[in-house]
Protein chains: 2
Amino acid sequence: MVNETQQPCSASSSSRSDGSSSGSEGSKDSSRCSTPVLDGDRHERLREKMRRRQEAGDRWFSLEFFPPRTANAAVNLISRFDRMGAGGPLFIDVTWHPAGDPGSDKETSSMIIANTAVNYCGLETILHMTCCNQTTDDITRHLQKAKRLGLKNIMALRGDPAGEEWEEEVDGFNHAVDLVKHIRNEFDDYFDICVAGYPKGHPEAESYEADLRHLKEKVFAGADFIITQLFFRPETFFKFMKDCQAIGITCPIIPGIFPIQGYHSLRQLVKLSKLEVPQEIKDVIEPIKDNDAAIRNYGVELAVSMCRELLDSGMVHGLHFYTLNREVATTEVLKRLGLWNEDPRRPLPWAVSAHPKRRVEDVRPIFWASRPKSYIYRTQEWDDFPNGRWGNSSSPAFGELKDYYLFYLKSKSPREELLKMWGEELTGEESVFEVFTCYITGEPNKNGYKVTCMPWNDDPLATETNLLKDQLEKVNRRGILTINSQPNINGKPSTDPIVGWGPSGGYVFQKAYLEFFASSEIVTALLKVLKKYELRVNYHIVNVKGQNITNAPDLQPNAVTWGIFPGREIIQPTVVDPVSFLYWKDEAFALWIEQWAKLYEEESPSRMIIQYIHDNYYLVNLVDNDFPLENCLWQVVDDTFELLN
Amino acid sequence: MVNETQQPCSASSSSRSDGSSSGSEGSKDSSRCSTPVLDGDRHERLREKMRRRQEAGDRWFSLEFFPPRTANAAVNLISRFDRMGAGGPLFIDVTWHPAGDPGSDKETSSMIIANTAVNYCGLETILHMTCCNQTTDDITRHLQKAKRLGLKNIMALRGDPAGEEWEEEVDGFNHAVDLVKHIRNEFDDYFDICVAGYPKGHPEAESYEADLRHLKEKVFAGADFIITQLFFRPETFFKFMKDCQAIGITCPIIPGIFPIQGYHSLRQLVKLSKLEVPQEIKDVIEPIKDNDAAIRNYGVELAVSMCRELLDSGMVHGLHFYTLNREVATTEVLKRLGLWNEDPRRPLPWAVSAHPKRRVEDVRPIFWASRPKSYIYRTQEWDDFPNGRWGNSSSPAFGELKDYYLFYLKSKSPREELLKMWGEELTGEESVFEVFTCYITGEPNKNGYKVTCMPWNDDPLATETNLLKDQLEKVNRRGILTINSQPNINGKPSTDPIVGWGPSGGYVFQKAYLEFFASSEIVTALLKVLKKYELRVNYHIVNVKGQNITNAPDLQPNAVTWGIFPGREIIQPTVVDPVSFLYWKDEAFALWIEQWAKLYEEESPSRMIIQYIHDNYYLVNLVDNDFPLENCLWQVVDDTFELLN
């Protein structure tokens, strides 16, 4: 009836089951050791995730991107990572172009784009790396840098020879297998390694069979899985897979899917890959070659039908998409296949970074809720991250703001657009109130433009904030300029589409939070009102000079979001931390100047208005501790306005 | 309007308030450091607590005990510590009797009694220590041992000379001041030091004035506060206090109160202290000297009236009681004075240990809820204690059970009493069921005795468990032998008299928990039933041999008690930890044999019944994760019985 399961520790053995009171034999000199556990998913290596998904019968997809050419294109690509990341790819990969200085610190290098994907977008990422025409030192240096940045997966490629006439170098890197061996020699098992498979054989290989043997060498040298070159017919893949298995290749083989998105991109790809497009496809495309939409529709149809056939075969569990850095076609295919995750389960209410150093991180200050990339940037030098509890951080050592203009912290919108949204010319503080109000309501401003971003929020209003829209509108109109807020939640299911997060079967909670800028007149009245709420509402009020007023006990953090789950410890992912607030304050005030004031000429009235607000307003945050009752913060604000009248 | 408050860190300075985006200047190479914060109270030194209470205008009391002579008396004294500790003394102190080997490891030594008070009863404790006729080495050794055990306060005394004719030793310890100096020299500021004051002057002093000068020397040598010898009239104390102040003694002076409890104890004390009993007291006592109750009533009246006068003077904030190890009179005086804490605020749902090493501890496994001393004993070698989160304790290293007979883990009841409660003769498993049932109901067993303790619970049923009484009775009658349980709680105020704990203004929560022994027949049916509750109920089922069945994900702990408080992080003081459960299992099964089976002759049928249960039953724990809904564990048990029928 009862199965004996593995004993998880030396706690008990049958030799001590004789009824004596000898008890358990924990070593006395070793003390308790504990390692925190979050989602297993965050700890797993890519190859383990892949295996687990396969064992569970889950189907998955991955997305390939190439590095952009300009800083602006990089900003756009990273927004795309965020949007496409929401669909739930198992990983993304970033290609490597030797001519483009791919290992450099440039905003557009393969290395930095992959770094951004991992650290700032929280995506499991494979960095491509080619080896031909490179020195051992160069390659080792690139790999060391990748490791230092938190990258854990490499796609090992030979790369295209520099000249037309390529000759093997003695003792050099001549084939991908040399790179695989080098990675395993120098970095042991640290990296998961992916290699390329050619369903039709590599164009330069002596034969299809010879190419298969090379592939086997790569796998036996230590590659963990294979991604194939694109192909046009499912049979091509099935044959390739069977041939691989026949010669003893047992690792996962992931088909590379190329949704045709346009006539020219297809032609270029065919040229590069030296693949032949089947006649039946040419027959369809040629007549519509000038109709981009028609070609894309056809491409989507074709990809969907091929993917279905691949998945239905039972031989394929994951699909790899060559996106060409475009969103529409791939997303469409994924949605049609049912692979796009419409309701992604958020493990935490904020996007988790994929850097191994941060894998236990599960608490953050609420202040950076709309600027998570800035938070990650400013804490990148931390050796360990808060886990379970924020603690009383006496020295949080936030990074400086001097590299403020790092491209991924810049606004996605150009200056002209920002001016249209925030006003070509400001006539007084009220014009600023109006911008805040338009952002909240979604109504166009007086010049007919919608305000879709603010210096403190680079995206439209969050769904959750929408719950508070009416109240927020009212207070912003009167000069309580809100930049962050959350409603109170008293035990909603963790699967709630708006406020839910974490494993299913749990309950999530929040204390109401409101953060805003306000004039000293408002703050004076507010402080009087807050006396009535002394035991219920915690506040922190600070101006740009660091004058700081608070009723928080000691310097203790206040947990404002937490979740209770089956079979787990409590998770409390956001806190209001008094010490961090003073670091955030610097950033929040600086954004007035850096993002808004500097849109205008020096000495211009518009610029002086923003400068005045920056110099004289206070940054306020309020927490209503009584989360089971109706949020009292609106009453606090109403009382304040009443007092002012 | 706005006050500039102290900046808690280097986060901001006015030099950077010029509107530039320089931001905060956290050092980049120092990483985040954090220290957890619980109640300030648990961190403070005794002298700081005293000062804080005085500043807040709080009145407090403390209790003096002497070490017991026998192990049985020690067990009783420790129960008294628990009961009188519930009244909220600021500290207790334990006297030192050189003749009784006070620094030894004996169960009855001053050192071990003080150790027990601190570590197992969670009481702030002062250990007395005398110095005359002792070597420097001896004294240093005692102090080192005290420090090692977690004692933090010493009452430095000269002690009584061994012979009648005492002579000062050159370079020896001749006066308490020598001990004070020695402690400060050797242990710096580690200990808080208390010294004795004699309101009538020390009987051996040349004069009252000379004695005051000696007291001043002790204070200037490093003593933190003074406790006085007993006295009979408030004026005696007021004069003493003024005289002390006049010569520059400014530390707290705590009056020692001696409630007269009997004719003989008064005579003995008077003889030892060489004090004279005022005629007006003698006049009352002599006529009633054979009427203990009358003398005690008089003593209480006298003490209450003197204490009131002391407190009303405004010069006295705390009262020190010479209890003579008795409970009734002192408790009565304290209740009459309103100093007895009728509703002590529990900082955590379990009694917190006062050892400095454990001061951040705020998570424990639920299994030892009724055996906290055993838990403290078994974890005493840990170097650090779980704080904020239990974590995935891969090696919790619980101490062995071999010292099982340590007096403080023994039952308070003698064998004869246990036999009356648990049955002189058992006739089958059903007789065991009956004992469990009687313990739950509080009804007498068939021989007319109430069952007030069980091997797993040395005290009558907890108030909280009473909430579940009816259901518990029903299931115990049928062989689900419960040893631990808690109801689910969905956000009751932290001030709730039954389930509340922690600072006021908060909310406490619990998941329903049930732990019991049951036969393999019941467990077989239970496992079938549990399939229906797979996602809702977590279970761990184990027998004495360590056969272990669970549906807990990985080896993650499940938080079953937590609290949300204003301006704080979440506190989750109890968890169901799968690894610790296997250590607890050894203890829980051993208790059948050690405490129950061994009451009977070897080979006797009664003993064989208990042995059979020990060998064949399972220990089961169940958690209902859905705390906002009605507890489903009773339904699980009902379904199990139904399946068995």
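The chains referred to below are lettered A, B, ... by the order of the sequence lines, with proteins before strands, and numbering in each begins at 1. Source: prediction; values computed, not measured. FYI, side chains are in, hydrogens and waters are out, and symmetry mates aren't considered; it's all heavy atoms of this structure.
With hydrogens and angles disregarded, no donor-acceptor distance shorter than 3.5 Å links the side chain of A:Gln556 to the backbone of B:Glu569.
For chain A, the option among B:Val576, B:Leu535, B:Asp624, B:Ile564 with the highest count of heavy-atom pairs below 4.5 Å is B:Ile564. Between chain B and the residues A:Gly388, A:Ala559, A:Gly567, the largest count of heavy-atom pairs under 4.5 Å involves A:Gly567. Of all the listed residues (B:Ile570, B:Asn538, B:Asn551), the one sharing the greatest number of non-hydrogen pairs under 4.5 Å with chain A is B:Ile570.
With a 4.5 angstrom heavy-atom cutoff, A:Val623 does not touch chain B via any of its atoms.
Between A:Trp562 and B:Phe509, the ring center distance fails the sub-6.0 Å criterion.
Shown here are the side-chain contact (heavy atoms from CB on, under 4.5 Å) partners of B:Leu629, two or more places apart in sequence or in another chain: A:Tyr507, B:Arg536, B:Asp626.
At a threshold of 4.5 Å between non-hydrogen side-chain atoms, the residues A:Trp584 and A:Leu619 count as touching.
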